[in-house]
Amino acid sequence: MFAEALFFGFAVLSVLGAIGLLVFRHPMNGAMSLVVTMISLAGLYALLSAKLIFALQLIVYAGAIMSLVLFIIMFLNIQESDLPAEKGRWLYQLGGIIVIIPIASFLIKIVKSIPGSKATIVGSGFGGVKEVGLVLFQDWLLPFEIVSILLLVALLGAVVLAGKRRMSK
Amino acid sequence: MIQDYLILSVILFCLGILGVITRRNVFSVFMSIELMLNAANLAFIAFSRLHESMDGHVLALMVMAVAAAEAALALAVVILLHKHKSKLDTNIFSLLKG
């Protein structure tokens with residue numbers, strides 16, 4: 001009963017944060033409402049007894065990535081006049097909702113046909129660092145190495161993009 | 001129930017699509033993509049709980065790493081475009097149109 005109440009609260013908070021991202025005009029307000037979504041998703045991961053992903057969601061997503069985005073938004077010093085006009089945005093969003101609703105109802109119909117089970121919280125032996133690490137370094141070793149190469153390439157790309165101006169002078 | 005988590009994931013993903021196709025601010029589009037990645041992560045974790053296996057958690061870790069790499073590169077590109085055009089409108093960034 002308590003878990004259902006927590007799920008309802010986190011779900012409402014995450015959907016409200018996502019709607020705020022769509023509605024707010026200034027990207028700073030949108031980023032703050034996305035942080036609300038990230039934190040409530042971390043709570044949902046904890047309800048699904050994914051302890052490691054819960055911690056990583058808070059540290060990596062709500063901590064690192066969103067603070068990087070906020071840093072860039074503040075760095076560019078965006079004023080109200082720099083924002084695109086977005087005339088007729090509400091009309092666009094209405095059209096988008098009309099296009100999205102059939103897809104969403106189709107997906108929800110598929111999801112409802114899945115045989116579900118109770119999402120009770122598992123104490124130990126599921127979702128901890130040990131279990132995830134065992135699977136990660138045994139079955140998923142090659143994808144893990146490929147992701148590390150991807151991160152290296154992204155690092156090099158960021159350095160090249162940031163240093164281009166200095167080289168051309 | 002697990003289906004509630006999956007339905008929430010569908011709703012968040014559709015809100016992300018809506019943000020990508022209706023907003024014209026670069027940062028709003030970028031954060032909508034992040035929202036879609038998060039919705040996919042929620043679906044992975046819910047399926048992992050449903051099948052009592054850890055593979056979904058590992059996939060969620062991979063998605064987080066890809067999102068971090070994407071954030072670093074996309075924000076570098078946005079800074080360069082802002083230096084060149086000093087605008088944040090996605091309709092102005094049409095350099096590849098030919």
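Throughout, protein chains are lettered first and strands after them, A, B, ... in sequence-line order, and every chain is numbered starting at 1.
- Side-chain atoms of B:Gln3 come within 3.5 Å of backbone atoms of A:Ile114 as a donor-acceptor pair (strictly under, hydrogens ignored).
- The closest side-chain donor-acceptor pair between A:Gln57 and B:Asn41, if any, does not fall under 3.5 angstrom.
- Both the backbone and the side chain of B:Ile7 come within less than 4.5 Å of a heavy atom of chain A.
- Counting heavy atoms from C-beta outward, A:Ile72 and B:Phe27 have side chains that approach closer than 4.5 Å.
- Nearest approach of B:Gly19 to A:Leu22, heavy atoms of both residues: CA-CD2, 3.1 Å.
- The distance from the CG atom of A:Leu156 to the CG atom of B:Leu73 is 10.0 Å, given to the nearest 0.5 Å.
- Heavy-atom distances place the side chain of B:Phe47, and not its backbone, under 4.5 Å from chain A.
- A cation-pi arrangement is found for B:Arg49 relative to A:Phe126, the charged atom lying closer than 6.0 Å to the ring centre and inside a 45° cone about the ring normal.
- Contacts with chain A were tallied for B:Lys87, B:Met54, B:Glu52; B:Met54 has the most, counting heavy-atom pairs under 4.5 Å.
- When all heavy atoms are compared, the tightest approach of B:Arg23 to A:Leu21 is NH1-O, 3.3 Å.
- Looking at A:Val147, only its side chain comes within 4.5 Å of chain B, counting heavy atoms on both sides.
- Both the backbone and the side chain of B:Ala46 come within less than 4.5 Å of a heavy atom in chain A.
- Neither the backbone nor the side chain of B:Asn91 comes within contact range of chain A; no heavy atoms are under 4.5 Å apart.
- Of the atoms belonging to B:His82, it is side-chain heavy atoms, and not backbone ones, that fall under 4.5 Å from chain A.
- The contact between A:Phe144 and chain B is made by backbone and side chain atoms together, counting heavy-atom distances below 4.5 Å.
- For the pair A:Ala31 and B:Met31, the tightest heavy-atom approach, listed with the atom from each and the gap, is CA-SD, 3.4 Å.
- Proximity of A:Leu56 to B:Leu61: side-chain heavy atoms (C-beta onward) are separated by under 4.5 Å at one or more points.
- Looking at A:Leu41, only its side chain comes within 4.5 Å of chain B, counting heavy atoms on both sides.
- Proximity to chain B (any heavy atom under 4.5 Å) is shown, for A:Ile97, by both the backbone and the side chain.
- Proximity to chain B is absent for every atom of A:Leu155, based on heavy atoms less than 4.5 angstrom apart.
- Using a 4.5 Å heavy-atom threshold, the side chains of A:Ile59 and B:Met64 count as separate.
- Atom NZ of residue A:Lys112 and atom CE of residue B:Met1 lie 11.0 Å apart, to the nearest 0.5 angstrom.
- Residue A:Ser148 does not touch chain B at all, counting heavy-atom pairs closer than 4.5 Å.
- If you measure heavy-atom distances from B:Ala67 to chain A, the contacts under 4.5 Å come from both the backbone and the side chain.
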